[in-house]
Amino acid sequence: METSQQLQALLLKNTSGDVFTDLASRGRYATDASIYQTMPISVFIPKTAEDIVCAINIARELEIPVLPRGGGTSQCGQTTGAALVIDNSTHFRNMLELNVNDGYVDVEPGIVLDHLNQRLKKHHVWFPVDVSTSGQATIGGMAGNNSCGSRSIAYGNMVHNVLGIDAWLSDGQPHAFELMQHASGKVLELGQFVQQLALQHRQEMEEKWPKVLRRVAGYNLDVFHNQNEKPYTSDGRVNLAHLLVGSEGSLAYFKKLRLKLAELPQQKTLGVINFTSFYKAMESAQHIVKLGPCAVELVDRTMIDLARTNPAFKKTIETGLKDPQAPTPEAILLVEFAGNDLPTLKQQLSSLVELMGDLGLAGSVVEMIDPQMQKNLWEVRKAGLNIMMSLKGDGKPVSFIEDCAVPLEHLAEYTSALTEVFSKYGSRGTWYAHASVGTLHVRPILDMRRDGAVKMRAIAEEAAALVAKYKGAFSGEHGDGISRGEWIEWQFGSNINQAFREIKNAFDPSNLFNPGKIIDPPKMDDTTLFRFPPSYQVIPIQPVLDWSSWNVQNNPLTEMTSAPGSGGDPAQGFAKAVEMCNNNGHCRKFDAGTMCPSYRVTREEKHVTRGRANTLRLALSNQLPEAGLASEEVREVFDLCVSCKGCKRECPTGVDMAKMKLEFTHQYKLKHGFTLRDKLIGNLPQYAHWIANTPGLPAVLNFRNKNKFVANLLEKLTGISTKRTLPNWTKETTFRSSLEEEFGLVNLTDLPNSHKPVVFWVDTFNGFFESENVRAALQVLKAGGFSVHLLRKEKGHYCCGRTFMSTGMMDKAHASAKELLDVLMPITQLGIPIIGLEPSCLLSLRDEYLVMGLGYSAQELTQLANNSKLFEEFLRKELSHGRLHLKLQEAKQSIQVHGHCHQKAMDTVNPLLDLLELIPNAEITLIETSCCGMAGSFGYEAEHYDVSMQMAELSLLPKIRTHANAIVVANGASCRHQIHDGAERQALHVARVLAMHLKEQSFSTSVFSINV
Ligand SMILES: Cc1cc2nc3c(=O)[nH]c(=O)nc-3n(C[C@H](O)[C@H](O)[C@H](O)COP(=O)(O)OP(=O)(O)OC[C@H]3O[C@@H](n4cnc5c(N)ncnc54)[C@H](O)[C@@H]3O)c2cc1C
Ligand code: SF4
Ligand code: SF4
């Protein structure tokens, strides 16, 4: 039996954890946020501490290395290796003990920083090492890397904030690493050994050790002879846990960490200085820090411009600009003052304004007092790297010298000199981050598939010379890993490097833990370790959607991209779209956004956007057993993707997995054929008329909702869950009703000459199952004085093709879309607005239609997209132009709003809220939810029912239940159904809520009654 098979067998037999040995699972753990990739031998997800000890012992016996992993967001390759990779982030997420009085908290290594701080908030304390990846970085990983936050000038690095670590050594024995004075046994022995090494190398340490705050390379030998401007401990005592911080999983496996708590500042002010010269910004940093800010962070022009092109960041970044209409500043510095006394902080802000005046930059500071505005701007700064990574093409900003730290007085010269180095090698860098501590992030654009390796080494050597000249640190934040490992000896000299080796041998004599990191590292430019080596090849595929806008190359100097379709991708741009994922792990978040609901529920790497992108990349580059899109491995990762489009908006590099799922589903179904359920769901728009028009048939079909036996039978035949009610069939559909007369609707021919003309397009779901929404919308439009034409088709109805798209029937989707476009385009050309109710249907005109090859020019499609509005968007626009005056009654109930995922992805939730604000005295709350879990047909599918409900229970349903008397507004048909099934409440389309508040109603009240 092979050793890896033995490993799997033993782990399965002796632990309760999950073991993965298949290529796709290992491939998802083969990368971190660096340029490297190495297949793990196996992946292990332990459930208990005993599982970990057992795994360590088994691996040692089999001589298989062990690599502990948190969020896998490291940038230097320290989390990649041919090892047994053990993921702590799934089950080791607990806060173990909180002692606010003594100022510490004990945690398990897999807890995420933001989650910890969320729990600490109510005690007015926090853990202040605020890394940009705070939503996904684990405390174990942060300690492993000696991570540093934006506010390190005030709080120090990770090492300054760890009080103790309980860890297993490679013999599987647990030990407590803490103050040396309390140490005994093995830990004391190790401490004394390192102490003696430090004594031996005292003089060399003084000569060679970088003196800047930001030095994270090598092992912390200087705990016994501090070389840092900030001592390890305030009283000079030696804490042996500090030897483990920054060890990158190579000395011991952390079980529990004791962290130092800081008081949570109650108030903050922010000054955003706009610079017209980058050099001046760099020069100013040394003066600004004297004012005592807790952060001084840089964002340069390129990054500001990139943020302005991203819909999620545009508005926010512009709040930091003195004049958004003027040319973009060359740089901005975000200067934060924090404390408990607002007047003092305002005073500090005024001092900043004064200082800038003294430096010749009067009027350059945007003063921000509002906490929410500050928070939003910090979010953009935190997303800085990700924003930069959104550059399309094979050349990517590469991390290898990106956190060199230099003393502040040399910052301006250093950045200028390095910029010259970049241009010498035909590249340029985008600068951002920690100006306060001389650690500026910069990544030259390199193409690792071509000459990237050679250029990387050349630039690294010149950067190293500059770091040496200015007496800085080569590795000042992100650790050593593979990209900086070989520079440890360069930085510290061979003797200290030998001392590091002896430390490794003493702690880990069997070289079990993360070998090749810190000691005996490979070369940074070893192309066999690259994720995109020169041998990387994409298999040819012919996609059904148009991905050509991704199929481009970029110019590293100008960052301009070539024409769509010119990138040379054998997958016509699809592979390049997939490769936009840089593994930063931002999708592993749980904040107010939508992305990624399937990860929120499962916490499994294969069910997060990153896992999906990695699997696709491996499949497209022939690294899985079955190449191509239609493989089982790819099917598995898409199984729980609910196509919410959360990633389209929230993934900083714009990985649009919902669109990729369309491509996959089409290719998969081409190969494997359609199931009965696919046919039932996909063809619904086609057979729905026949059902509605066949006397008695609607009632027969509705019987399924009342009879368990029939429901069970149907589940067996089709896989539609018995636990779900199905939408009620009725013969009174919109398509059969004579609404024209009832509402005084207008003919298409008369429309252009009518007052305030609009075309109202009714989708399949509202038309067949909720025609009361259509009637309500018509009533509101009429009350608003609009002339409405209802789009009719002689036989059947116009459908956007959504059900065809989601079941992979792209040819039918294409035909439907084309038919709809052919009728809508002339209306658009007349400038008459087109209105729809269902977000997933109407918004496909602005999204999927742009890449479906429908025979219209990009300009025509854009015109149509701009002209097609959701009901609420249209009315909101009319309102802002003073063209809407609805007379509404006072609200009698509070209103809770749940935004459909596609509304959130396309930024159309606010219009809905604005409209509801028109209702006098309305108390409106937007429920912070991810996906409702129903997601079209997903929640109806028997195998997805549980996950669907778990998604809904994450926050939507509990929040609805706490407001039993509120009106619930949900514009998505499937969201309304989920709310009905999960909370037994009838949610309403906004059209109905507005209609029921109209002062003059010409309808029977039954249309507007709410069954609560
Ligand atoms: C966009 C972006 C922004 C970033 N911003 C910052 C920043 O502001 N500041 C900063 O310092 N870093 C930053 N980083 C780097 C990275 O996010 C941090 O280093 C983070 O702390 C790593 O956490 P993680 O859970 O992902 O660790 P991982 O990458 O999973 O692991 C990091 C190291 O710790 C080791 N490790 C993990 N768990 C254990 C354990 N239980 N026992 C022993 N060793 C363990 C691993 O073996 C590995 O060597 C950024 C990265 C990205 C992609
Ligand atoms: S999918 Fe997007 S958010 Fe997730 S890791 Fe990749 S780039 Fe980051
Ligand atoms: S579409 Fe939604 S579920 Fe699918 S990967 Fe993106 S965020 Fe996750």
Side-chain angles (χ1 to χ4, degrees), residues 32-34 52 67-76 78-79 81 85-89 92 108-110 112-113 129-134 136-150 152 157-158 165 167-168 216 244 247-255 257 382-386 389-390 399 403 433-434 439 441 477-479 481 513-514 517 580-589 593-599 607-614 637-638 640-648 650-661 901 905 930-931 935:
D32 50 16
S34 69
I52 299 179
L67 173 43
R69 172 168 165 131
T73 67
S74 290
Q75 295 198 15
C76 307
Q78 54 267 58
T79 327
V85 172
I86 306 185
D87 183 347
N88 302 297
S89 68
F92 297 88
E108 289 181 328
V112 168
L113 175 63
V129 186
D130 56 337
V131 291
S132 298
T133 39
S134 59
Q136 47 279 341
T138 62
I139 295 295
M142 288 171 62
N145 283 351
N146 191 5
S147 295
C148 321
S150 295
S152 62
N157 309 340
M158 195 67 188
I165 298 180
W168 294 285
V216 299
L244 300 182
S247 61
E248 300 184 4
S250 70
L251 293 185
Y253 196 119
F254 309 155
K255 179 184 183 203
L257 298 102
K382 277 168 69 176
L385 174 60
N386 294 327
M389 295 302 285
S390 56
S399 161
D403 52 344
H434 321 299
T439 307
H441 294 336
E477 180 172 303
H478 294 151
F513 290 135
N514 207 3
K517 309 293 154 42
M580 288 304 291
C581 172
N582 67 357
N583 272 280
N584 58 61
H586 189 67
C587 36
R588 293 168 60 100
K589 69 196 179 97
T594 302
M595 174 170 75
C596 172
S598 49
Y599 177 71
H607 294 307
V608 72
T609 322
R610 177 175 76 176
R612 294 183 176 116
N614 273 325
V637 293
F638 276 118
L640 300 189
C641 170
V642 288
S643 301
C644 65
K645 303 190 183 177
C647 44
K648 177 186 170 70
E650 293 165 40
C651 162
T653 64
V655 173
D656 185 350
M657 202 49 76
K659 212 168 278 164
M660 291 177 191
K661 186 170 180 180
C901 290
S930 176
C931 176

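Side-chain atoms are counted along with the backbone in the values below, which use heavy atoms only and exclude waters and symmetry mates. Order of appearance sets the numbers: ligands from 1, and atoms from 1 within every ligand. Quantities reported herein were computed from a predicted structural model and do not represent experimental measurements.
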With a cut-off of 4.0 Å, which atoms of ligand 2 are near a heavy atom of Pro652? 3 (S)

At a 4.0 Å threshold, what atoms of ligand 1 neighbour a non-hydrogen atom of Ala252? 43 (C)

Heavy-atom contacts under 4.0 Å between Gln75 and ligand 1: side chain, backbone, both, or neither? side chain

For ligand 1, note which part of Ser147 has a heavy atom under 4.0 Å away: side chain, backbone, both or neither. both

For ligand 1, which atoms have a heavy atom of Gly144 less than 4.0 angstrom away? 34 (O)

Polar atom proximity, Thr79 to ligand 1 (N or O, under 3.5 Å): yes

Checking a contact table here: which protein heavy atom is nearest atom 4 (Fe) of ligand 3, and how many Å away? Cys641 SG, 2.4 Å

Is it the side chain (CB and beyond), the backbone, both or neither of Ser643 that lies under 4.0 Å from ligand 3, heavy atoms counted? backbone

Numbered in order shown, the ligand 1 atoms found under 4.0 Å of a heavy atom of Gly140 are 36 (N), 37 (C), 38 (N), 39 (C), 45 (C)

The protein heavy atom nearest to atom 6 (Fe) of ligand 2 is Cys581 SG, 2.4 Å

Where on His478 is there a heavy atom closer than 4.0 Å to ligand 1, on the side chain, on the backbone, on both, or on neither? side chain

Using a 4.0 Å cut-off to any heavy atom of Leu67, which atoms of ligand 1 qualify? 47 (O)

Thr653: numbered ligand 2 atoms lying under 4.0 Å from its heavy atoms: 7 (S)

Atoms of ligand 2, numbered as shown, that sit under 4.0 Å from any heavy atom of Asn582: 7 (S)

Hey, does Tyr253 come in under 3.5 Å of ligand 1, counting only N/O atoms on both sides? no

Pull out every atom of ligand 1 sitting under 4.0 Å from any heavy atom of Gly70, numbered as shown with elements. 25 (O), 28 (P), 30 (O), 37 (C)

Atom indices of ligand 2, in the order listed, that fall short of 4.0 Å to a heavy atom of Gly585: 5 (S), 8 (Fe)

Give the contacting part of Thr138 toward ligand 1: side chain, backbone, both or neither, where contact means a heavy-atom distance below 4.0 Å. both

What is the nearest protein non-hydrogen atom to atom 2 (Fe) of ligand 2, stated with its residue, atom name and distance? Cys651 SG, 2.3 Å

Below 4.0 angstrom from a heavy atom of Cys148, which ligand 1 atoms are there? Numbered from 1 as shown, please. 7 (C), 8 (O), 9 (N), 10 (C), 11 (O)

Report, in ascending order of atom number, the atoms of ligand 3 lying under 4.0 Å from any heavy atom of Met657. 5 (S), 6 (Fe)

Identify the protein heavy atom lying closest to atom 3 (S) of ligand 3, giving its residue, its atom name and the separation to 0.1 Å. Val642 N, 3.4 Å

Distance filter under 4.0 Å to Cys596 heavy atoms, resulting ligand 3 atoms: 3 (S), 5 (S), 7 (S), 8 (Fe)

For ligand 1, the portion of Pro68 having any non-hydrogen atom under 4.0 Å away: both

Is Arg612 touching ligand 3 with its side chain, its backbone, both, or neither, if touching means heavy atoms under 4.0 Å apart? side chain

Heavy-atom neighbours of Lys255 NZ exceed 12 at 6.0 Å: no

Would you mind running through ligand 2 and noting each atom that sits below 4.0 Å from a heavy atom of Asn584? 3 (S), 5 (S), 7 (S), 8 (Fe)

Please enumerate all residues that pass ring pair (Phe, Tyr, Trp, His ring centres under 6.0 Å) together with Tyr253, with sequence neighbours excluded. Trp168

Nearest to atom 7 (S) of ligand 3 by heavy atom, Ala613, Cys644, Ala935: which? Cys644

Metal site atom 6 (Fe) of ligand 3: N/O/S of Cys587 inside 2.8 Å: no

Check: His478 and Ser74 side chains under 4.5 Å, non-hydrogen atoms: no

Under 4.5 Å between any side-chain heavy atoms of Arg612 and Cys641, yes or no? yes

Ligand 1 versus Ala167: contacting region, heavy-atom distance under 4.0 Å: neither

Examine the proximity of ligand 2 to Asn583 and report which part, side chain or backbone, both or neither, has a heavy atom under 4.0 Å away. backbone

Looking only at distances, can you tell me whether any N or O atom of Gly72, backbone or side chain, sits closer than 3.5 Å to an N or O atom of ligand 1? yes

In ligand 1, the atoms that come under 4.0 Å of a heavy atom of Ala33 are 53 (C)

With heavy atoms of Met142 as the reference, note each atom of ligand 1 found under 4.0 Å away. 21 (O), 23 (O)

Which of the listed options, Asn614, Asp656, Thr609, Thr73, holds the heavy atom that is closest to atom 1 (S) of ligand 2? Thr609

